[in-house]
Amino acid sequence: AYLLDLKDPYSHRILKNLIRYQLAGNGAFDNATPCVLKATVDDGEGRNFKAEFPSELEAVFPKEGFFEFNFLDRSKGKPKDSTMNPMSLQMLVQQINKQTMSVADRLDVIRTIIGDGSMSL
């Protein structure tokens, strides 16, 4: 199960990516265990939340609280090798070269951009 802090903008980016992944037929929020919005991490029950949207642009999540869910990977076959488009690579380099950014934030940016894949330069 995943638990995302909705105050964190990266959590919203992750959720948008999962919606895109779901719409492409490569994954889905698990219907066997409902998605739950919680006021605090320790909130025992929370309230159910349907994470079904017709498009990534229409996916709207609350700005605060915690979102708990299970996500199923339905991708077929082996992962494909892919290359990052030049604009994305340039944005990545600009972000991780910021002097004011902590190492943890740099890792978050990299993980957000490349996901679970790997990157070679």
Side-chain angles (χ1 to χ4, degrees):
Y2 298 95
L3 181 68
L4 297 178
D5 182 350
L6 296 174
K7 286 183 183 176
D8 184 346
Y10 290 113
S11 292
H12 287 267
R13 185 177 296 166
I14 290 167
L15 289 167
K16 294 273 187 171
N17 286 336
L18 290 176
I19 295 294
R20 187 174 340 140
Y21 200 67
Q22 177 176 281
L23 292 170
N26 294 320
F29 289 92
D30 186 4
N31 290 332
T33 54
C35 300
V36 178
L37 285 173
K38 296 181 170 194
T40 66
V41 174
D42 299 323
D43 185 356
E45 294 185 23
R47 60 184 168 97
N48 289 355
F49 184 87
K50 273 219 182 280
E52 296 175 11
F53 302 97
S55 75
E56 174 191 351
L57 297 174
E58 295 179 55
V60 178
F61 292 87
K63 298 286 184 211
E64 58 183 42
F66 295 86
F67 188 60
E68 185 174 40
F69 62 95
N70 288 329
F71 195 83
L72 306 173
D73 182 1
R74 294 189 175 152
S75 58
K76 297 171 183 77
K78 296 179 183 178
K80 298 179 213 168
D81 287 337
S82 63
T83 57
M84 184 180 289
N85 72 50
M87 187 172 176
S88 294
L89 180 58
Q90 182 180 2
M91 294 293 290
L92 172 62
V93 171
Q94 286 175 354
Q95 289 297 314
I96 62 176
N97 282 332
K98 286 184 178 177
Q99 297 298 319
T100 58
M101 186 177 280
S102 71
V103 172
D105 285 342
R106 289 176 190 189
L107 288 172
D108 282 343
V109 167
I110 292 169
R111 287 183 185 126
T112 299
I113 291 174
I114 67 168
D116 291 330
S118 61
M119 181 171 65
S120 60
L121 301 173

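Here the structure is a predicted model, which is why all the values come from computation and not from measurement.
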**Q** Working to the nearest 0.5 Å, report the span between NZ of Lys63 and CG of Asp8.
**A**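 Here the interatomic distance stands at 12.0 Å.
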
**Q** Please round to the nearest 0.5 Å and tell me the distance separating atom CD of Glu45 and atom NZ of Lys38.
**A**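 With rounding to 0.5 Å, CD (Glu45) is 9.5 Å from NZ (Lys38).
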
**Q** So with a 6.0 Å cut-off around CD of Glu64, is the heavy-atom count from everything else above 12?
**A**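 No, not enclosed.
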
**Q** Show the nearest heavy-atom pair for residues Leu6 and Pro62, with the distance to one decimal.
**A**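 That would be CB-O, 3.5 Å.
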
**Q** List the residues meeting ring pair (Phe, Tyr, Trp, His ring centres under 6.0 Å) with Phe53, not counting sequence neighbours, and say none if there are none.
**A**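 For Phe53 the ring pair (Phe, Tyr, Trp, His ring centres under 6.0 Å) partners, ignoring immediate neighbours, are Phe61.
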
**Q** So, taking the atom named CD1 in Ile14 and the one named NZ in Lys16, what distance separates them when rounded to the nearest 0.5 Å?
**A**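 The distance works out to 13.5 Å.
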
**Q** Which pairs with one or both residues in residues 91-103 pass salt bridge (charged side-chain N to carboxylate O under 4.0 Å, His left out), sequence neighbours excluded?
**A**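 Matches after skipping sequence neighbours: none remain.
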
**Q** What residues form a salt bridge (Lys or Arg N to Asp or Glu O under 4.0 Å) with Arg74, not counting sequence neighbours?
**A**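 Once residues adjacent in sequence are excluded, Arg74 has no partner under the salt bridge (Lys or Arg N to Asp or Glu O under 4.0 Å) criterion.
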
**Q** Calculate, to the nearest 0.5 Å, the distance between atoms CZ and CG belonging to Arg47 and Leu37 respectively.
**A**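 Output value for this atom pair is 5.0 Å.
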
**Q** So which heavy atom on Gly65 is nearest to which on Asp5, and how close?
**A**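 Where Gly65 meets Asp5 most closely, the heavy atoms are O-OD1, 3.6 Å.
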
**Q** Side-chain heavy atoms under 4.5 angstrom apart, residues restricted to Ile, Leu, Val, Met, Phe, Trp, Tyr: same cluster for Tyr21 and Leu23?
**A**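 In one cluster with Tyr21: Leu23, yes.
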
**Q** Counting only pairs under 3.5 Å, give me each side-chain donor-acceptor contact of residues 27-35, with atom names and distances, residues two or more places apart or in other chains.
**A**
residue: Asp30; atom: OD1; partner: Ala32; partner atom: N; Å: 3.0
residue: Thr33; atom: OG1; partner: Asn70; partner atom: ND2; Å: 2.6

**Q** Could you tell me which non-hydrogen atom of Glu52 sits nearest to which non-hydrogen atom of Gln22, and how far apart they are?
**A**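 Answer, listing the atom of Glu52 first, then Gln22: CA-NE2, 4.4 Å.
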
**Q** Which ILVMFWY residues are connected to Phe66, directly or by a chain of links, through side-chain heavy atoms under 4.5 Å apart?
**A**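 For the cluster that includes Phe66, the remaining residues are Leu3, Val41.
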
**Q** Would you mind listing the cluster partners of Leu57? Hydrophobic ones only (ILVMFWY), side-chain contacts under 4.5 Å, chaining allowed.
**A**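 None; Leu57 is a cluster of one.
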
**Q** For Tyr2, does the OH atom have more than 12 heavy-atom neighbours from other residues, nucleotides or ligands under 6.0 Å away?
**A**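 Atom OH in Tyr2 is not crowded, with 12 or fewer foreign heavy atoms closer than 6.0 Å.
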
**Q** Which heavy atom in Asp73 sits nearest to a heavy atom in Asn26, and how many Å separate them?
**A**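 Here Asp73 and Asn26 meet closest at OD1-O, 3.4 Å.
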
